[in-house]
Amino acid sequence: MGQSSICDVLVAGSGAGGFAAALTARLHGLDVIMVEKEPLFGGTTAYSAGVIWIPVNSHQKAAGVTDTREDALTYLTHHVGNTLDRAKAEAFVDNAPAMLDRFEREGFAAFTLAPTWADYHPDEPGGSQGGRSLGPDEYDGRALGSWFTKLRPPIKTMTALGGMMVGRNDLPHVFRMTQSLQSALHVGRMMARHFRDRLSHDRGTRLVNGNALVARLAANAFQRGIPLWLNSPMVELVYAGGRVRGAVVERDGKRVEIEARRGVVLACGGFPANGELKQRLYAHIAEGKGHVPLAPSGNTGDGLRLAQSVGGTFHEQVHQPAAWTPVSLVPQPDGSIIPFPHFFDRGKPGHISVIRRGRRFVNEAKSYHVFVPAMIEACRDDPQAEAWIVCDHRAIRRFGLGALGPAPMSTRPFLRSGYIKRGRTVRELAEACGIDAAGLERTIGDFNGPARRGEDPEFQRGTDAYQRFNGFPDQKPNPCVAPLDKPPFYAVRVIPSELGTFAGIRTDANAQVLDGDSRPIAGLYAVGNDAASVMGGTYPGAGITIGPAMTFGYIAGRHLAGAGARQLHSTP
Ligand SMILES: Cc1cc2nc3c(=O)[nH]c(=O)nc-3n(C[C@H](O)[C@H](O)[C@H](O)COP(=O)(O)OP(=O)(O)OC[C@H]3O[C@@H](n4cnc5c(N)ncnc54)[C@H](O)[C@@H]3O)c2cc1C
């Protein structure tokens with residue numbers, strides 16, 4: 001062994017889960033070391049929209065939203081069903097508001113409530129019509145100083161003009177910039193700041209989404225003296241005398257043993273980059289069908305392996321092993337491809353999604369986690385699980401299509417690279433895509449008649465608050481439905497991907513790793529996607545991975561400090 005170090009708490013992984021655990025432990029006066037496998041920090045969290053799902057949060061009152069613990073638990077019980085771990089669900093609902101209050105008070109986090117952002121199944125018992133999802137406030141990356149260059153940048157296809165971030169609050173302005181002076185000014189200000197930034201930085205420093213979230217957490221961690229070792233994977237746990245006492249980390253090619261007096265927190269972000277595990281758990285991959293991951297390549301399931309090496313157990317009995325999203329593949333000038341996740345465009349008016357036979361298969365305005373299993377099922381007998389998002393000229397100019405933004409963004413480079421297909425007629429488009437032409441003509445013909453009245457008799461698009469939230473308010477009478485009748489027509493192909501994994505290490509309400517007899521392993525915690533999802537493999541609302549990641553990080557930090565696990569709504 002080359003060197004050794006000592007701390008109270010050792011955290012592996014620098015995403016939302018890791019930082020939340022580290023900052024909470026530090027708040028309680030503990031000495032913390034964070035280690036990160038990759039040369040960049042932030043993990044999948046940095047790629048994300050940074051949205052958190054926090055029932056009964058204190059922002060709701062000001063927004064006039066009513067919510068209760070009982071409603072939230074009813075919703076989870078109903079939606080997750082018999083895979084719900086009731087004790088963990090209660091720990092989440094009880095601690096999440098306290099975590100948010102405490103983090104906002106300390107300046108570790110800053111969020112804005114989206115009061116009309118409904119749960120993904122808002123009409124189920126206990127579902128919310130809006131008020132449980134919060135988005136991170138903008139953050140100035142320059143506050144990170146020299147660490148800014150070590151922050152994982154967002155996925156390239158989700159930025160514009162060489163690294164300019166576009167957040168959820170910016171999108172309505174982007175859609176309206178050619179129609180509204182206020183929106184044109186908003187976009188103009190964003191661009192001016194970006195071009196100024198580019199004189200001194202490799203990318204824009206106006207951070208939004210998950211970059212803003214993780215940068216704010218990191219800046220606070222650094223200010224509070226938490227060291228973060230980059231390029232330093234945790235490779236082994238040190239287990240002796242019936243507890244985890246630390247871990248071995250590889251740093252600069254040397255093995256360093258770190259003693260952790262209180263314990264080790266695994267926050268390595270699950271296994272979205274572990275081909276072997278995915279081959280076993282993802283049915284479509286096992287059948288040889290295409291799948292492109294979005295998560296960083298370092299998320300290879302190290303946390304699971306480490307936990308299992310000391311008796312921890314892997315919980316696979318979840319509805320879905322991962323949080324699905326459809327992605328299109330954007331060709332890059334160097335010949336590589338970068339995936340683009342389709343969160344919002346599927347349900348916009350003037351867009352529909354079809355499989356190779358040219359027929360629709362799902363209510364496109366439902367969540368990405370509903371869309372992908374429906375696509376896989378509809379393509380059960382096909383060589384690939386794939387679909388095409390199809391729209392007309394009016395819709396593409398208004399909303400864009402995948403990585404192509406709305407007008408005035410030029411369609412030309414996307415057509416040239418083959419990312420977007422175009423046809424002067426529906427038949428021509430179908431032929432360009434390799435879709436059954438008669439099938440697509442029939443589908444669009446059948447869709448357009450009722451769509452002119454704002455109706456979708458086949459899938460009832462636009463019939464709940466979540467779908468309408470993602471629609472376009474100016475589209476009357478249904479913000480999610482418009483006919484596809486303005487040629488030319490366009491399409492982009494999508495295949496399955498995941499936002500992160502749901503199957504994971506079995507943990508209890510204190511975030512402690514459980515052994516085969518359901519006993520906590522002393523000194524070992526797992527949070528974020530390393531832990532089996534408290535949502536049981538379902539996706540109840542926006543922010544249901546990062547909300548729990550931060551909450552169980554907070555719970556782990558408190559438990560390590562001996563502060564007790566339960567923190568009913570009021571904060572200390
Ligand atoms: C485009 C996109 C948008 C998304 N938007 C949202 C959203 O708005 N809300 C939401 O809730 N979820 C969202 N998700 C999912 C969300 O980003 C993840 O579920 C979440 O960030 C996982 O957090 P984490 O802390 O568990 O892991 P991560 O953020 O992935 O961090 C794990 C870190 O651990 C490191 N690591 C791995 N192995 C080791 C090791 N052996 N030693 C040390 N370090 C190690 C990794 O390199 C990584 O940096 C989105 C995902 C994507 C891709």
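Read the numbers this way: they start at 1 and go in the same order the structure lists the ligands and their atoms.
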*Asks:* What is the nearest protein non-hydrogen atom to atom 6 (C) of ligand 1, stated with its residue, atom name and distance?
*Replies:* Ser48 CB, 3.6 Å
*Asks:* Is there any N or O on Ala49 that sits under 3.5 Å from an N or O of ligand 1?
*Replies:* yes
*Asks:* Using a strict cut-off of less than 4.0 Å between a Lys/Arg side-chain nitrogen and an Asp/Glu carboxylate oxygen, indicate whether Lys254 and Glu250 qualify as a salt bridge.
*Replies:* no
*Asks:* Could you tell me, atom by atom, which parts of ligand 1 come under 4.0 Å of a heavy atom of Ile544?
*Replies:* 11 (O)
*Asks:* Of all the non-hydrogen atoms in the protein, which one sits nearest to atom 25 (O) of ligand 1, and at what distance?
*Replies:* Gly17 N, 3.0 Å
*Asks:* Quick one: look up the protein heavy atom nearest atom 1 (C) of ligand 1 and list residue, atom name and how far away it is.
*Replies:* Tyr47 O, 3.5 Å
*Asks:* Would Gly543 count as a contact residue for ligand 1, given that I'm defining contact as a non-hydrogen atom of the residue lying under 4.0 Å from a ligand atom?
*Replies:* yes
*Asks:* Under 3.5 Å, N or O to N or O, is Ile546 touching ligand 1 that way?
*Replies:* yes
*Asks:* Could you check whether the rings of Phe92 and Trp53 sit parallel, tilted or perpendicular, using 30° and 60° as the cut-offs?
*Replies:* parallel
*Asks:* What atoms of ligand 1 come closer than 4.0 angstrom to any heavy atom of Gly43?
*Replies:* 28 (P), 29 (O), 30 (O), 31 (O), 48 (C), 49 (O)
*Asks:* With ring centroids as reference points, do Tyr120 and His369 lie under 6.0 angstrom apart?
*Replies:* no
*Asks:* N/O to N/O below 3.5 Å, does that happen between Asn299 and ligand 1?
*Replies:* yes
*Asks:* May I ask you to decide whether Glu138 forms a salt bridge with Arg216, counting only side-chain N to carboxylate O separations under 4.0 Å?
*Replies:* no
*Asks:* Do Arg261 and Asp8 sit within salt-bridge range, that is, some charged N less than 4.0 Å from a carboxylate O?
*Replies:* yes
*Asks:* Is there any N or O on Phe343 that sits under 3.5 Å from an N or O of ligand 1?
*Replies:* no
*Asks:* Out of Glu36, Glu38, Met234, who gets a non-hydrogen atom closest to atom 48 (C) of ligand 1?
*Replies:* Glu36
*Asks:* Using a 4.0 Å cut-off to any heavy atom of Asp302, which atoms of ligand 1 qualify?
*Replies:* 38 (N), 39 (C), 40 (C), 41 (N)
*Asks:* Does the side chain of Tyr466 reach to within under 4.5 Å of the side chain of Asp119, using non-hydrogen atoms?
*Replies:* no
*Asks:* Checking a contact table here: which protein heavy atom is nearest atom 23 (O) of ligand 1, and how many Å away?
*Replies:* Thr45 OG1, 3.4 Å
*Asks:* Using a 4.0 Å heavy-atom cut-off, say whether Phe41 meets ligand 1 through its side chain, its backbone, both or neither.
*Replies:* neither
*Asks:* Mind checking whether Asp530 has an N or O less than 3.5 Å away from an N or O of ligand 1?
*Replies:* no
*Asks:* Is the shortest side-chain N to carboxylate O distance from Lys289 to Glu386 below 4.0 Å?
*Replies:* no
*Asks:* For atom 24 (P) of ligand 1, which of Gly18, Ala46, Gly269 has the closest heavy atom?
*Replies:* Gly269
*Asks:* Mark up the atoms of ligand 1 that fall under 4.0 Å of a heavy atom belonging to Asn529, in ascending order.
*Replies:* 18 (C), 19 (O), 22 (C), 26 (O)
*Asks:* Is Asp71 salt-bridged to Arg132, going by a charged N under 4.0 Å from an acidic O?
*Replies:* no
*Asks:* Salt-bridged, Glu36 to Arg152, with N to O below 4.0 Å?
*Replies:* no
*Asks:* What atoms of ligand 1 come closer than 4.0 angstrom to any heavy atom of Gly13?
*Replies:* 33 (C), 34 (O), 35 (C), 43 (C), 44 (N)
*Asks:* In chain order, what residues pass the side-chain contact (heavy atoms from CB on, under 4.5 Å) check against Lys348, with sequence neighbours excluded?
*Replies:* Phe175, Phe344, His351, Phe399
*Asks:* Report the C-alpha separation of Thr300 and Lys37 in whole Å, then their side-chain angles, then the decisive distance to 0.1 Å, and conclude whether the side chain to side chain donor-acceptor pair (under 3.5 Å) test is met.
*Replies:* CA-CA 11 Å; Thr300 51; Lys37 177 182 187 177; 2.8 Å; yes
*Asks:* Has ligand 1 got any nitrogen or oxygen that is less than 3.5 angstrom from a nitrogen or oxygen of Val51?
*Replies:* yes
*Asks:* Tell me the contacting part of Ala549 for ligand 1: side chain, backbone, both, or neither, using a 4.0 Å heavy-atom threshold, strictly below.
*Replies:* neither
*Asks:* Under 4.0 Å from a heavy atom of Gly42: which atoms of ligand 1 are those, numbered in the order shown and with their elements?
*Replies:* 29 (O)
*Asks:* For atom 52 (C) of ligand 1, grab the closest protein heavy atom and report residue, atom and distance to one decimal in Å.
*Replies:* Leu499 CD2, 3.5 Å
*Asks:* Tell me which protein heavy atom sits closest to atom 28 (P) of ligand 1, plus the residue, atom name and distance to 0.1 Å.
*Replies:* Thr44 N, 3.4 Å
*Asks:* I want to know whether His342 and Tyr368 have ring centres closer than 6.0 Å.
*Replies:* no
*Asks:* Using the side chain to side chain donor-acceptor pair (under 3.5 Å) rule, take Asn211 and Arg203 through it: C-alpha gap first, then chi angles, then the decisive distance, then the call.
*Replies:* CA-CA 12 Å; Asn211 247 245; Arg203 66 176 176 112; 2.9 Å; yes
*Asks:* Which heavy atom of the protein is the closest neighbour of atom 44 (N) of ligand 1, given with residue, atom name and distance?
*Replies:* Lys37 N, 3.1 Å
*Asks:* What atoms of ligand 1 come closer than 4.0 angstrom to any heavy atom of Ala267?
*Replies:* 32 (C), 33 (C), 34 (O)
*Asks:* Look at the rings of His291 and Trp324 and say which category their plane angle falls in: under 30° parallel, 30 to 60° tilted, over 60° perpendicular.
*Replies:* perpendicular
*Asks:* What do we get for Thr545 next to ligand 1 when only non-hydrogen atoms under 4.0 Å count, side chain, backbone, both or neither?
*Replies:* both
*Asks:* Which one of Asp508, Thr507, Ile555, Val93 satisfies the side-chain contact (heavy atoms from CB on, under 4.5 Å) criterion with Lys88?
*Replies:* Thr507
*Asks:* Classify the ring geometry of Phe19 against Phe41: parallel below 30°, tilted from 30° to 60°, perpendicular beyond 60°.
*Replies:* perpendicular
*Asks:* Could you check whether any heavy atom of Pro296 sits closer than 4.0 Å to an atom of ligand 1, since that is the contact criterion I want to use?
*Replies:* no
*Asks:* With a cut-off of 4.0 Å, which atoms of ligand 1 are near a heavy atom of Pro233?
*Replies:* 42 (N)
